[in-house]
Amino acid sequence: MALGEFELIRRFFAAAACARPGSGVTLGIGDDCALLAPPAGEQLAVSTDTLVEGVHFPRNAPPARLGQRALAVAASDLAAMGAAPLGFTLALTLPEVNANWLQDFAQGLDTMAQSCGLRLVGGDTTRGPLSLTLTVFGSVPVGQALTRAGARPGDLVCVGGTLGDAAGALPLVLGERSANEAVAGPLLSHYWTPPPQFTLGLALRGKATAALDISDGLLADCGHIATASGVAMRIEQSRLPLSDTLRAFLPAAAALEAALSGGDDYRLAFTLPAEHLAAVVSLEPGVRVIGQVLAGEGVCLVDEQGLDVTPGQRGYQHFRERP
Ligand code: ADP
Ligand code: MG
């Protein structure tokens, strides 16, 4: 490596604007540990995500967009918990030191970090096949974290915005299809830079009874809330918010499938007593009610006549149990 490990860390990461110390970070990059200081009376929320080249993003992915996506995907878990952003660490495994690649990657990471208010506080740098592990830290007042357990029969089932855009973008990401800029632009930007819904997550504190971010597909992820809460969920197909660009790019059945099972949305899904709906929508106008929580178990999808149209396949799993 022409550039040594410490020089690489200093030049691309410790020197980034997002690595400056600030509130909630007592000590950042450079020592054996970082020191974080959540506000008094708050708990630390922690989540890790790994992205492996060829599995979670395509080979030769544009590095600036990859840097943004890696952090957005990780930060989304904090938003889903109702946590306010504090900091993150980056464990980076690289096949080689390519200064141009690192420059662009670090710039993308810094852009997303600054837009989320997350400080880079440490990491690790190793050689091997390209992979990124980001651990994010947030803070939430004791007792106010939005867990998956807590949904109650009678609550509304809501989502934070349109569904299926990132999954719909996959053929564009993989270069299997092309589209004009008016269609490709918004779909690709939802895949590469899904904005973590921090404003919504904070607004849901003390209101939502359960929440998560949709990473594996709406039905699979709603299934996690149903199981953790010991309830059933009924989702109305006609209420699913699909963007105009997704509808323009895919036939209706494929757009619906992307919204139900595609994954990579990073929108929040949550259950909410109806009395809080107006307050939440006024803060996040993209919020849509898509169904109801019922007594029982499982998630079902119904059409406009109320007929059960639940598909068999529910989201992506790396290791699927075999019957
Ligand atoms: P140690 O050997 O004590 O684990 P390292 O030599 O791996 O420390 O790293 C030196 C410092 O640089 C530490 O503060 C570590 O958190 C930080 N660091 C290492 N790699 C990265 C990276 N990719 N991004 C940000 N900080 C990093
Ligand atoms: Mg180390």
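Note that the structure is a prediction, hence the values are computed from the model and not measured. Ligands are counted one by one from 1 in listed order, and the atoms in each one are counted from 1 as well.
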Colleague: What do you reckon, does Ile9 have a nitrogen or oxygen under 3.5 Å from a nitrogen or oxygen of ligand 1?
Modeller: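 Min N/O separation from ligand 1 is not below 3.5 Å for Ile9.
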Colleague: Counting heavy atoms not belonging to Arg20, are there more than 12 under 6.0 Å from its CZ?
Modeller: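 Counting other residues, nucleotides and ligands, CZ of Arg20 stays at 12 neighbours or fewer.
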Colleague: May I ask you to list the atoms of ligand 1 that are less than 4.0 angstrom from any heavy atom of Leu90?
Modeller: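 Ligand 1 atoms under the 4.0 Å threshold to Leu90: 22 (C), 23 (N), 24 (N).
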Colleague: Does Phe6 come within less than 4.0 Å of ligand 1, judged by its heavy atoms?
Modeller: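 Within the 4.0 Å threshold, so yes.
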Colleague: When you look at CD of Glu297, are more than 12 heavy atoms from neighbouring residues, nucleotides or ligands closer to it than 6.0 Å?
Modeller: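 Atom CD in Glu297 is not packed in, count stays at 12 or less.
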Colleague: Would you mind listing every ring pair (Phe, Tyr, Trp, His ring centres under 6.0 Å) that reaches into residues 84-121, with sequence neighbours excluded?
Modeller: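 Qualifying pairs, neighbours excluded: Trp101-Phe105.
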Colleague: Under 4.0 Å between a Lys/Arg side-chain N and an Asp/Glu carboxylate O for Arg234 and Asp308?
Modeller: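 No.
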Colleague: Atoms of ligand 1 less than 4.0 Å from Asp32 heavy atoms?
Modeller: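 Contacts of ligand 1 toward Asp32, numbered from 1: 3 (O).
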Colleague: Using a strict 4.0 Å cut-off to heavy atoms of Asp124, name the atoms of ligand 1 that fall inside it.
Modeller: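 Per the distance check, 7 (O), 19 (C), 20 (N), 21 (C), 23 (N).
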Colleague: Sequence neighbours left out, what pairs pass side chain to side chain donor-acceptor pair (under 3.5 Å) with at least one residue falling in residues 131-159?
Modeller: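 As it turns out, the side chain to side chain donor-acceptor pair (under 3.5 Å) pairs with a partner in residues 131-159, which skip direct neighbours, are Glu42-Ser139, Thr48-Thr135, Thr50-Thr133, Asp155-Thr209.
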Colleague: Are side-chain heavy atoms of Ile214 and Leu163 found at a separation under 4.5 Å?
Modeller: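 Result yes, sub-4.5 Å side-chain heavy-atom pair found.
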Colleague: Return yes when atom CG of Asn60 has more than 12 non-hydrogen atoms of other residues, nucleotides or ligands closer than 6.0 Å, and no otherwise.
Modeller: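 No, because the 6.0 Å sphere around CG of Asn60 holds 12 heavy atoms or fewer from other groups.
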Colleague: Select the closest option to atom 25 (C) of ligand 1 among Ala19, Gly122, Ala91, judged by heavy-atom distance.
Modeller: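 Among Ala19, Gly122, Ala91, the closest heavy atom to atom 25 (C) of ligand 1 belongs to Gly122.
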Colleague: Side chain or backbone of Val121 under 4.0 Å from ligand 1, or both, or neither, by non-hydrogen atoms?
Modeller: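 No part of Val121 comes within reach of ligand 1.
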Colleague: Can you list the atoms of ligand 1 that are under 4.0 Å from a heavy atom of Asp31?
Modeller: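 This gives 13 (C), 14 (O) as the contact atoms.
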Colleague: Could you tell me whether some N/O pair between Gly123 and ligand 1 is separated by less than 3.5 angstrom?
Modeller: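 Among all N and O atoms of Gly123, at least one is under 3.5 Å from an N or O of ligand 1.
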